[in-house]
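Everything below concerns the one structure shown next.
Atoms within each ligand, like the ligands themselves, are counted from 1 in listed order.
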Amino acid sequence: MALIVQKFGGSSVGTIDRIRNVARRIHETAREGNQVVAVVSAMSGVTDKLIGLARELSETPCERELDVLMATGEQALHELGEKAVSFTGAQAGITTFGSHTRGRIHNIDPTLMNKYLLEGNILICAGFQGVTEEGMVQTLGRGGSDLSAIAIAAALKADVCQIFTDVDGVYTCDPRVVKDAKKIQTLSYDEMLEMASNGSKVMQSRSVEFAKKFGVVFEVRNSMNNNPGTIVQEETPSMEAVVIRGISIDRNQARVTITGIPDQIGYTAQILGALAEAEINLDMILANTAHDGYVRQSFTMPSNELGRAQAALKPVMAALGSTVKVETEAGLAKLSLVGIGMRSHSGVGATAFKALADANIKTGMISTSEIKIAVMVDESDIEEAARVVHKAFNLGA
Ligand code: ADP
Ligand code: ASP
Ligand code: MG
């Protein structure tokens, strides 16, 4: 008998028929002699609707209140058949900390889940939520049911963790954008993490971090068929043979450029300090000294953080002097090439940038890690950019 955690995403429970399909899958797995914990998301669109409702009442809804509201989305699924007992995040023993709407998991006490499993029940656990030490409901950031599933699998020492979604697995690029994208059989935690944190939202990036930390091997697969999915696991030696595993696209990026900064010690600390205090998620950072002796710095960030960044920078700009100017540009997107093979192969950048140039695509800021090359392009070019680079590395089916 194996203990299996199965997570069903929003689209997998998006209609009554699909919910029945999920119930059937869960019961089938149990009938095969396994213990099953099903982690469920809200029906697709429900979380967005709840946020929309809250915004209608108030432009800036209180995040604590928003968490109470949003957590109900995942709690709507219950009664999935006989011997199925539903749990909220709190009942599953998930304690959280950090900011509301993006809580982090502190601990999972599986006592209650274990008790009900031992009695022969199927557990239906509401994803995306936990409870603070104080007893407040807290959600885990968008896409957070993935994290619930991985964390529950770790806490229960599950034998298998399956992430069911609306595609057959993790593809070489978002199959909605690149039609001939191919399903990847196995990839390493680090590759999945780079892909997820650079826009491949098939997995929440924090869930992948958690899986890596606790060694939870998981499979991403389709809830509507029985095709084998993608296994995400620790790196193996043969994985390095593939140069580019996948391509991610991240829309809605913006850039802030600050020019005319007097070249004195400490200005970067001042600028980054103000942005950190405003909890701005900076991505790329570029600094250079222009020939006039002043420094120029550029940062990229999600465009919905641009307004807050501008506000946070105002007092710093005033302190740095009258030569300082801030320019902003929205409407950008980021293309990222990911693969652990990059560590031992050269010429990856050259191939990618030649493909972009041949397609007449203007490129902007670039950043790299050991296993990633990322470049900013105009948002209107991102899909074409993904397709030509995908082709240049022969990633298609
Ligand atoms: P769920 O509701 O199951 O959590 P998501 O919408 O969060 O599903 O994730 C699945 C979607 O992720 C797919 O429909 C696909 O369009 C998108 N996606 C983006 N990048 C990739 C990729 N590299 N591989 C597979 N799917 C991807
Ligand atoms: N329903 C939540 C969201 O839309 C959590 C999830 O789907 O994983 O972000
Ligand atoms: Mg998801």
Side-chain angles (χ1 to χ4, degrees), residues 6-15 18-19 21-22 38-52 66-67 69-77 89 101-103 125-130 138-152 162-185 187 191-208 218-224 227 229-230 232 244-251 334-339 382-383 386 390 395-397:
Q6 300 185 315
K7 179 253 170 178
F8 295 93
S11 53
S12 299
V13 292
T15 63
R18 290 191 175 188
I19 294 173
N21 168 59
V22 164
V39 176
V40 291
S41 294
M43 293 170 79
S44 54
V46 165
T47 309
D48 287 333
K49 274 218 182 86
L50 292 172
I51 295 172
L66 197 55
D67 266 352
L69 179 66
M70 281 198 294
T72 60
E74 333 298 285
Q75 289 166 24
L77 263 201
T101 74
R102 46 194 179 278
C125 185
F128 184 47
Q129 53 180 277
Q138 197 170 43
T139 61
L140 304 175
R142 296 307 304 268
S145 297
D146 294 329
L147 177 58
S148 307
I150 302 272
I152 287 173
Q162 298 169 322
I163 308 289
F164 285 97
T165 183
D166 61 349
V167 285
D168 279 7
V170 181
Y171 281 67
T172 47
C173 192
D174 187 339
R176 287 185 211 185
V177 174
V178 177
K179 294 292 170 233
D180 70 338
K182 208 160 72 181
K183 187 183 70 190
I184 302 168
Q185 282 183 354
L187 73 169
E191 289 170 324
M192 183 74 253
L193 192 54
E194 284 281 20
M195 285 181 73
S197 54
N198 286 295
S200 297
K201 300 224 164 72
V202 58
M203 285 299 293
Q204 188 211 33
S205 61
R206 279 168 52 197
S207 73
V208 185
F218 61 92
E219 182 185 13
V220 180
R221 52 186 296 177
N222 199 325
S223 62
M224 305 301 284
N227 298 343
T230 300
V232 185
I244 301 297
R245 185 82 57 198
I247 293 171
S248 295
I249 63 186
D250 208 349
R251 297 168 207 265
K334 184 172 58 170
L335 182 79
S336 303
L337 288 69
V338 175
I382 189 68
E383 298 204 353
H390 194 264
L395 297 181

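Against a heavy-atom cut-off of under 4.0 Å, G10 is close to the following atoms of ligand 1: 1 (P), 2 (O). Every atom of ligand 1 with a heavy atom of S11 under 4.0 Å away is listed here by number and element: 2 (O). Set against the non-hydrogen atoms of G9, the atoms of ligand 1 under 4.0 Å away are 1 (P), 2 (O), 3 (O), 4 (O). The distance from ligand 2 to the heavy atoms of R142 drops below 4.0 Å at these ligand atoms: 3 (C), 4 (O), 9 (O). Under a 4.0 Å criterion applied to the non-hydrogen atoms of V170, ligand 1 contributes the atoms 24 (N). Under a 4.0 Å criterion applied to the non-hydrogen atoms of S41, ligand 2 contributes the atoms 6 (C), 7 (O), 8 (O). For ligand 1, the atoms closer than 4.0 angstrom to any heavy atom of P175 are 25 (C), 26 (N), 27 (C).
Taking 4.5 Å as the limit, every side-chain heavy atom of Q162 sits out of range of all side-chain heavy atoms of F218. Looking only at side-chain heavy atoms (C-beta outward), E194 and S336 stay at 4.5 Å or farther from each other. K183 has its side chain out of reach of P175: every pair of non-hydrogen atoms, C-beta onward, lies at least 4.5 Å apart. Residues L395 and K182 have side chains not in contact (no heavy-atom distance under 4.5 Å, counting atoms from C-beta outward). Between L140 and S148, some side-chain heavy-atom pair lies under the 4.5 Å cut-off.
At least one heavy atom of K7 sits less than 4.0 Å from an atom of ligand 1. Residue G73 places no heavy atom under 4.0 Å from ligand 2. Heavy atoms of C173 approach ligand 1 to within less than 4.0 angstrom. By the 4.0 Å heavy-atom criterion, G143 is counted among the residues contacting ligand 2.
The proximity of S145 to ligand 2, defined as any non-hydrogen pair under 4.0 Å, involves the side chain as well as the backbone. The part of E74 lying near ligand 2 is the side chain, judged by heavy-atom distances below 4.0 Å.
For atom 6 (O) of ligand 1, the nearest protein heavy atom lies 4.0 Å away or farther.
The closest protein non-hydrogen atom to atom 13 (C) of ligand 1 is D166 OD1, 3.4 Å. Distance from atom 9 (O) of ligand 1 to its nearest protein heavy atom, with residue and atom name: V202 CA, 3.6 Å. Protein heavy atom nearest atom 2 (C) of ligand 2, with residue, atom name and distance: T47 OG1, 3.5 Å. If you check which protein heavy atom lies closest to atom 23 (N) of ligand 1, you get Y171 O, 3.0 Å. Nearest protein heavy-atom neighbour of atom 3 (O) of ligand 1: T165 OG1, 2.7 Å. The protein heavy atom nearest to atom 25 (C) of ligand 1 is G169 O, 3.3 Å. Regarding atom 15 (C) of ligand 1, its nearest protein heavy-atom neighbour is D174 OD1, 3.5 Å. In terms of protein heavy-atom proximity, atom 14 (O) of ligand 1 is nearest to R176 NH2, 2.7 Å.
Across all non-hydrogen atoms, the minimal contact from I249 to A386 is CG2-CB, 3.9 Å. The minimum heavy-atom distance linking G199 with S248 is given by the pair N-CB, 4.5 Å. Nearest heavy atoms, V338 versus E191: CG1-O, 3.6 Å.
Between E383 and R251 a salt bridge is recorded (basic side-chain N to carboxylate O distance below 4.0 Å). Between D146 and K201, none of the side-chain N atoms (NZ, or NE/NH1/NH2) sits under 4.0 Å from a carboxylate O, so this pair counts as no salt bridge.
Formation of a donor-acceptor pair under 3.5 Å by the Q129 side chain with backbone atoms of Q138 is not found in this model. Within the 3.5 Å criterion, the main-chain N or O of S223 finds a donor-acceptor partner in the side chain of N21.
Remark: C173 SG to L335 CG distance equals 7.5 Å, nearest 0.5 Å.
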